Amino acid sequence: MKGKTENDLLKLPFKDAYMFRPGVILPLYGVQSKTKVYQIFYDVMKPLYPLLKKLNSVITSEQLGRAMIQVTINGYPRPRIESNELKSMIRRLNQ
């Protein structure tokens, strides 16, 4: 379903369209998920956040937002942006 939705969006007559594939998103600043099972997962995993942030497939909500802003401003060579590419982009932004 996700792939079909992405393909359908890319067919629309937008100047550019980007599909972000961030993997696991760690919420920050007290944001709570409206999906109960996700919120339970986040609550249980919260003590592990510092360790999880070091993994390539995990990104914080703030990092994702900053990466999205950069792509909006500067574009990106491909329409689909994978988790590892987002992490690389974030490392460059933090330099």
Side-chain angles (χ1 to χ4, degrees):
M1 182 56 101
K2 182 174 132 179
K4 181 184 179 335
T5 302
E6 288 178 350
N7 289 333
D8 289 347
L9 285 169
L10 290 171
K11 290 177 189 173
L12 293 174
F14 297 122
K15 177 181 175 247
D16 292 306
Y18 300 100
M19 309 301 125
F20 292 84
R21 296 177 170 179
V24 177
I25 304 169
L26 297 178
L28 297 179
Y29 310 116
V31 171
Q32 300 275 313
S33 176
K34 293 178 183 173
T35 305
K36 191 169 193 132
V37 70
Y38 286 173
Q39 188 55 50
I40 291 168
F41 171 77
Y42 291 138
D43 291 341
V44 169
M45 299 303 288
K46 193 167 190 165
L48 299 176
Y49 279 9
L51 176 64
L52 291 173
K53 286 180 186 177
K54 295 180 189 300
L55 301 175
N56 267 350
S57 61
V58 177
I59 191 170
T60 68
S61 53
E62 181 176 6
Q63 290 171 324
L64 178 58
R66 290 179 186 275
M68 289 175 147
I69 290 168
Q70 285 303 308
V71 169
T72 300
I73 293 169
N74 301 317
Y76 200 75
R78 290 176 303 288
R80 289 179 177 86
I81 306 169
E82 302 292 340
S83 181
N84 61 333
E85 295 171 296
L86 289 168
K87 293 294 275 192
S88 293
M89 191 182 307
I90 290 160
R91 278 193 293 277
R92 286 192 304 273
L93 288 172
N94 291 333
Q95 292 178 352

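All figures in this text were calculated on a predicted structure; none of them were measured in a lab.
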Measure from the side-chain N and O atoms of Ser83 to the backbone N and O of Pro22, and report whether any donor-acceptor pair falls under 3.5 Å. yes
Got a sec, which residues hit side-chain contact (heavy atoms from CB on, under 4.5 Å) with Asp8, two or more places apart in sequence or on another chain? Lys4, Lys11
Is there any salt bridge (Lys or Arg N to Asp or Glu O under 4.0 Å) pair reaching into residues 13-22, and which pairs are they, with sequence neighbours excluded? Glu6-Arg21, Arg21-Glu82
Once side-chain contact (heavy atoms from CB on, under 4.5 Å) is applied, do any residues pair with Ser88, and if so which ones, sequence neighbours excluded? Arg91, Arg92
Who else is in the cluster with Ile73 when I, L, V, M, F, W and Y are joined by side-chain contacts under 4.5 Å? Ile69
Which residues satisfy the salt bridge (charged side-chain N to carboxylate O under 4.0 Å, His left out) test with Lys34, sequence neighbours excluded? none
State, yes or no, whether a side-chain contact exists between Val71 and Ile81 at a heavy-atom distance under 4.5 Å. yes
Take Gln63 and Lys87 through the side-chain contact (heavy atoms from CB on, under 4.5 Å) test and state the conclusion after the steps. CA-CA 8 Å; Gln63 290 171 324; Lys87 293 294 275 192; 4.2 Å; yes
Please list all pairs meeting salt bridge (Lys or Arg N to Asp or Glu O under 4.0 Å) that have one or both residues in residues 58-69, counting only residues at least two apart or in different chains. Glu62-Arg66
Would you be so kind as to tabulate the donor-acceptor pairs closer than 3.5 Å made by side chains of residues 41-48, with sequence neighbours excluded?
from: Tyr42; atom 1: OH; to: Ile25; atom 2: O; distance (Å): 3.2
from: Asp43; atom 1: OD1; to: Gln39; atom 2: NE2; distance (Å): 2.7

Through direct or indirect side-chain contacts below 4.5 angstrom among Ile, Leu, Val, Met, Phe, Trp and Tyr, which residues connect to Phe14? Leu9, Leu10, Leu12, Met19
Between Leu86 and Leu64, is there a side-chain heavy-atom distance shorter than 4.5 Å? yes
According to a hydrophobic-cluster definition based on side-chain heavy atoms being under 4.5 Å apart (Ile, Leu, Val, Met, Phe, Trp, Tyr only), do Ile90 and Tyr29 belong together? no
Transitive ILVMFWY cluster of Leu93, excluding itself - 4.5 Å side-chain cut-off: none
Within the side chain of Ser33, is there an N or O that forms a donor-acceptor pair under 3.5 Å with the backbone of Thr35? yes
Heavy-atom closest pair, residues Tyr18 and Tyr76: OH-N, 3.2 Å
Tyr38: partners by side chain to side chain donor-acceptor pair (under 3.5 Å), with sequence neighbours left out: none
